[in-house]
Amino acid sequence: MIPPPNVTGVLHMGHCLNNTIQDILVRRARMQGKNACWVPGTDHASIATEAKVVQLLREKGIAKSSLSREDFLSHAWEWKNKYGGIILEQLKKMGCSLDWERTHFTMDPVYYKAVINVFIELYNKGYIYRGKRMINWDPRAKTALSDEEVIRKQTQQTLYHLRYKLEGEQEQHIVVATVRPETIMGDTAICVHPDDPRYTALKGRYAFVPLINRRIPIIADEYVSMDFGTGALKVTPAHDSNDYQLGQKHGLEVIDVFNDDGTLSNEAGIYVGKDRFEVRKLIAKELEEKGYLEKTETYSSEVGYSERTDVVVEPRLSLQWWVDMKKISGPALDAVANEDIKFYPAKFKNLYRHWMENIKDWCISRQLWWGHRIPAWYDEQGKVVVAADLQQAQEEYKKLYGTTATTLQQDEDCLDTWFSSWLWPFEVFKGYSQPGNKEVAYYYPTNTLVTAPEIIFFWVARMIMAGCEFQQQIPFRQVYFTGIVRDKQGRKMSKSLGNSPDLLALLDQYGADAVRFGIMIASPAGNDLLWDESTNEQGLHFNNKIWNALKLVRSWEQRQSNEPTLATPSLAIDWFESRLQQARATLEELYGEYKLSEALKTIYSLIWDDFCSWYLEWVKPGFEQPLSAVTYKRTLLFFEELMQLLHPFMPFITEEVFHQLQAREEDLTVRPLAAPRPFDSQLLSAGELLKQMISAIRDARNKNQIKPKDPVKLHIESETPLLIESITTLLSKQVNATSVRCASTIEPVANSITVVVGKQKIFIETSAQLDTSSQKEKLLKDLDYLKGFLASVDKKLSNEKFVQNANPSIIENEKKKQADALTKIRLIEESLKTLL
RNA sequence: GGAACGUUAGCUCAGUUGGUUUAGAGCACUACUUUGACAGAGUAGGGGUCACUGGUUCGAGUCCAGUACGUUCCA
């Protein structure tokens, strides 16, 4: 399931993250042999698109008001056809493996009809009503907004203390604090707290609004906070939702002083036709000049801005269409509460519950043309019927009112975009327009929704409601919330900050694989990610590493030999086989928990460290030497399997390498994953020991400045000589040792460096001149650590309460730690003695 | 004002039900190495009082309470 990307836009980093995650999940599901369906699509984004089209027309010198609805819509469709598909092309460039033939658009004819019918169905059920309520008005787009479309921002404002003259007394006044002096013409009361001693005497009296001298009552209500401002509040029911409620309670008049574009209306009486913010400045000046302004102070509070046009939202009383959310939200709340739908990360469950329990009605009408036109019809008196078209509306009217309507006019408004996208999970399979069809029966409910937490209420919650309401089933089983993409300083990426990188340029510069790698490696499960371009470089380096490994392996193709004397490094092969299977088991777990970033890290390290740094070095033949055919074959198979594991993250390079390793028809992207095989943990620990010994010996060589080309001889004292013997071939190869001797006790060897690895004491015999100080230093340091460690273990074991209370297996373990530490300490002390 | 989440190395993060080392990665950093897949590399190394203060416990990065700071959401 793809969230419908905004038809107006180009891809940004948020899309990049979101769609990369979905692609990873889809590719992996496909490799597991599942019929993975990922539906692409775009939504019509009514406000944003309409704003774009209006702007485009304005540039051409055409005003929207000069066009008929039909003409405007034809321009909008033209725009959609030209730009609407761009985003899908960009997804292809990112490597997203969508089912392209299923591409949908929320205003496709069938989908459009479904939206309209959903409206009618809900209206007939009594879930949709028309009502005059306080709404958020966007004065630029000239439309209502839902609460979710309003973004609150901390804003520095000026708080004006204004004097309102009291009735009856010449020089007396009451001081009111407001940040909106331009609304005083809409004041219909002043309100104080009933317990406020400062105003006890004023209750029930009257004051005059400055400049226009309208007489308004002074009322008392507990809503007013005594500490804020002067404790006296000017009540403007038309322009603030709290004031509106106060007004309702106290039966106050409502005076709307604004026009729909944010200019002052005739009702205001003064400054008519001027913009609200211009008036704020002008009126403040006039109030000051006329002595009404006592003082000003700066004040920071949250102000609502329109999500789409970024202008300050105006609370406004207006007649709109609403969905009664209480009637529809119940099953959707339960579905998440009882985990029929699981949220990843789980913390969003709380947020969801809180919103659902305090849900408010959804304002679904928008004063726009681009969108699904509300199927409501009005007669001359404003009587309403809801029906899909005029003919049905007339029939409905007759049924309802018993007469034939002379003229029926359709509502001019459109539905909120989300009123169409909430049907997405089933209507892309025509689950509403053709209920129970084969497709929807097969694919619905879908599995996983991947989306940004910002639209949990806009979209996720409403899809769940729609699913429960119209399909009687939840729309998906898991919801994975991605983090928010931020810049290095932790700021949200936004157009206005200009900190959002151009994704297309990045794809050109680094390639899709590197960009996908970069964003995924930086993206911890459930957290925001601080994105930095340098992670793309890491991706690029990784590509390069894989490419070089390919070069190496391919160069072996001509060097294969079936010579029976040629040894096959079976330890290396068996070890890597086990390591690979172990990593696959880890990956299985990580995918199960949606820890994709960690899954990528696991594969990255498997390829870079285990495969390239260890395995390939172990099986690598000497300069221009042959290698056994078996080794070559196994190496190819390993490489293939690694590419398959990496493929969901980096589809392009893995596919290419897969074909370069061996010419073939089959594609990696559709190749099923082989069943996981068991791994041998003894082999894994042998490999671990080998790696540790190699590192320790290299370190000793480094510190004693023994050149890589200078050979050494190894004498190893070990309690497990058989284990050591199994690794000597690889060990001597990796540290340039000409001979390895292993025994349970070894006398000190002349002119040698001693290192201790685990319970092994290794003498590195060399012909070079030795300076024992550095190795002594290292041994002393190790000794110090071990003694401290031993002390902490001893402390535990000598604590009677610990021995009494702790789990026996833990005590056993502590005893083992103690014994091991003692052995190691003995070995180091012995080594130190030989140095003296 | 209310709520949720977070605070572990210079940066970004792991760390499962308290005991598997005296806390791990990846980047970045330092030294050495131009070796024959790869200098976009290799080899090795340094780096943390786990925000703070108390508490529970034989034992706390992990559980509890409070404080500070941060982010987000809702008023």
Side-chain angles (χ1 to χ4, degrees), chain A residues 147 152 225 227-228 241-242 302 345-355 358 360 453-454 456-457 484 486 488 490 492 514 521-532 534-535 537-556 589-590 593 595 597-598 600-602 604-605 608-609 612-613 616-617 620-625 694-703 705 707-709 734-736 778 784-793 795-807 809-811 813-814 816-818 820-821 824:
Chain A
D147 288 345
R152 292 196 160 72
S225 144
D227 324 317
F228 183 79
S241 59
N242 292 315
E302 283 187 337
K347 65 178 175 186
F348 288 109
K349 211 175 132 176
N350 278 335
L351 185 67
Y352 178 85
R353 199 194 58 222
H354 188 258
W355 188 76
N358 297 289
K360 291 185 193 140
E454 296 132 351
I456 182 168
F457 307 130
I484 297 166
R486 298 172 179 281
K488 245 173 145 177
K492 221 163 147 174
I521 204 84
S523 180
N527 282 332
D528 290 356
L529 70 146
L530 300 177
W531 186 84
D532 175 18
S534 67
T535 58
E537 260 166 59
Q538 201 186 339
L540 204 63
H541 293 175
F542 188 35
N543 268 326
N544 192 249
K545 186 73 183 179
I546 294 169
W547 202 250
N548 280 313
L550 173 71
K551 236 168 83 184
L552 174 68
V553 172
R554 289 210 58 186
S555 76
W556 294 346
E589 275 176 45
L590 293 173
E593 295 162 14
K595 294 186 173 172
S597 168
E598 283 190 65
L600 177 56
K601 281 177 191 163
T602 303
Y604 176 76
S605 156
W608 199 303
D609 303 328
C612 292
S613 297
L616 287 181
E617 292 298 329
K620 190 198 249 177
F623 185 53
E624 290 183 345
Q625 295 294 303
I694 292 171
S695 292
I697 295 168
R698 280 175 179 166
D699 180 34
R701 294 184 62 125
N702 240 345
K703 289 202 168 120
Q705 296 180 327
K707 296 255 157 62
K709 277 177 185 159
Q734 296 304 299
V735 300
N736 191 16
K778 164 101 172 107
D784 220 41
Y785 173 86
L786 281 167
K787 281 188 168 163
F789 176 61
L790 181 64
S792 81
V793 176
K795 200 175 142 198
K796 266 190 207 171
L797 284 172
S798 62
N799 182 336
E800 267 179 49
K801 285 186 177 167
F802 170 72
V803 181
Q804 274 166 22
N805 295 326
N807 192 308
S809 69
I810 284 164
I811 297 175
N813 193 8
E814 291 299 316
K816 191 169 169 288
K817 273 155 74 177
Q818 186 183 39
D820 284 358
K824 287 177 192 171

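Atoms considered below: every heavy atom in the structure, side chains included; atoms not considered: hydrogens, waters and symmetry mates. Order of the sequence lines sets the chain letters (A, B, ...), proteins ahead of strands, with each chain counted from 1. Computed from a predicted structure; not experimentally measured.
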Heavy atoms only, 4.0 Å cut-off, all strands: where does [X] land among base, sugar-phosphate and nothing?
X       : result
K620(A) : base
L351(A) : sugar-phosphate
N799(A) : sugar-phosphate
S695(A) : sugar-phosphate
K795(A) : nothing
Q804(A) : nothing
E617(A) : base
W556(A) : nothing
D699(A) : sugar-phosphate

Identified pairing partner of [N], criterion: Watson-Crick or G-U wobble below 3.5 Å:
N      : value
G40(B) : none
C29(B) : G45(B)
U35(B) : none
G19(B) : C58(B)
G24(B) : C13(B)
C73(B) : G2(B)
G66(B) : C52(B)

Consider the side chain of [X], meaning its heavy atoms from C-beta on, and name the nucleotide among [options] that approaches it most closely.
X       : options                : result
R698(A) : C73(B), G19(B), A44(B) : A44(B)
H541(A) : U43(B), G40(B), G15(B) : G40(B)
E814(A) : G42(B), G26(B), G19(B) : G19(B)
K817(A) : A37(B), U21(B), C58(B) : U21(B)
L552(A) : C38(B), C13(B), A37(B) : A37(B)
F789(A) : U21(B), G42(B), C38(B) : U21(B)
N702(A) : U43(B), C74(B), G40(B) : U43(B)
K551(A) : C38(B), U20(B), G26(B) : C38(B)
F802(A) : G42(B), A37(B), G19(B) : G19(B)
E598(A) : C74(B), U43(B), A14(B) : A14(B)

Distance, rounded to the nearest Å, where [X] contributes [atom1] and [N] contributes [atom2]:
X       : N      : atom1 : atom2 : answer
E624(A) : U35(B) : CD    : P     : 16 Å
I456(A) : U72(B) : CD1   : C1'   : 12 Å
L600(A) : C13(B) : CG    : C1'   : 14 Å
N807(A) : U17(B) : CG    : P     : 16 Å
R701(A) : A31(B) : CZ    : P     : 23 Å
H354(A) : A3(B)  : NE2   : C1'   : 6 Å
L797(A) : U21(B) : CG    : C1'   : 14 Å
K601(A) : G26(B) : NZ    : C1'   : 6 Å

Separation of [Y] [atom2] from [X] [atom1] (nearest 0.5 Å):
X       : Y       : atom1 : atom2 : value
L590(A) : K601(A) : CG    : NZ    : 10.5 Å
R353(A) : N358(A) : CZ    : CG    : 10.0 Å
K816(A) : D820(A) : NZ    : CG    : 4.5 Å
K349(A) : I456(A) : NZ    : CD1   : 12.5 Å

Point to revise | Closest non-hydrogen atom pair between I521(A) and Q538(A), with its separation | key: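 In terms of heavy atoms, the two residues are closest at CG2-OE1, 4.2 Å.
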Review point. Taking all non-hydrogen atoms of both residues, which atom of I811(A) and which atom of A806(A) are closest, and how far apart?
Key: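 Shortest heavy-atom separation between I811(A) and A806(A) comes out as CD1-O, 3.8 Å.
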Could you tell me how far [M] sits from [N] if I compare only their [atom1] atoms? Round to whole Å.
N      : M      : atom1 : value
A31(B) : G70(B) : P     : 38 Å
U7(B)  : U12(B) : P     : 12 Å
G10(B) : U17(B) : C1'   : 34 Å
A37(B) : G19(B) : C1'   : 46 Å
G18(B) : U62(B) : P     : 11 Å
G42(B) : G36(B) : P     : 15 Å
G6(B)  : G47(B) : C1'   : 24 Å
C13(B) : A28(B) : C1'   : 14 Å

Is there a side-chain polar atom (N or O) of [X] under 4.0 Å from OP1 or OP2 of [N]?
X       : N      : result
W608(A) : G42(B) : yes
K349(A) : C5(B)  : no
K595(A) : G15(B) : yes

Check your understanding: Would you say the side-chain atoms of N813(A) pair up with the backbone N or O of S809(A), donor to acceptor, closer than 3.5 Å?
Key ->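 Pair absent, no side-chain N/O of N813(A) close to backbone of S809(A).
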Practice item. List the steps and the verdict of salt bridge (Lys or Arg N to Asp or Glu O under 4.0 Å) for E617(A) and K620(A). Key: CA-CA 5 Å; E617(A) 292 298 329; K620(A) 190 198 249 177; 3.4 Å; yes
Review point. Does S613(A) or K545(A) map to a spot on RNA chain B nearer the 5' end, using the closest nucleotide for each?
Key: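 Nearest nucleotide further toward 5': that of K545(A).
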Review point. If each of Y604(A) and N543(A) is mapped to the nucleotide of RNA chain B with the nearest heavy atom, which maps nearer the 5' terminus, i.e. the 5' end?
Key: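 It is Y604(A), whose closest nucleotide lies nearer the 5' terminus.
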Check your understanding: Can you tell if the side chain of F789(A) reaches within under 4.5 Å of the side chain of K817(A), non-hydrogen atoms only?
Key ->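 Yes, at least one pair of side-chain atoms sits under 4.5 Å.
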Point to revise | Heavy atoms from other residues, nucleotides or ligands near CD of E800(A) exceed 12 (cutoff 6.0 Å) | key: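 Not buried by this count: 12 neighbours or fewer within 6.0 Å.
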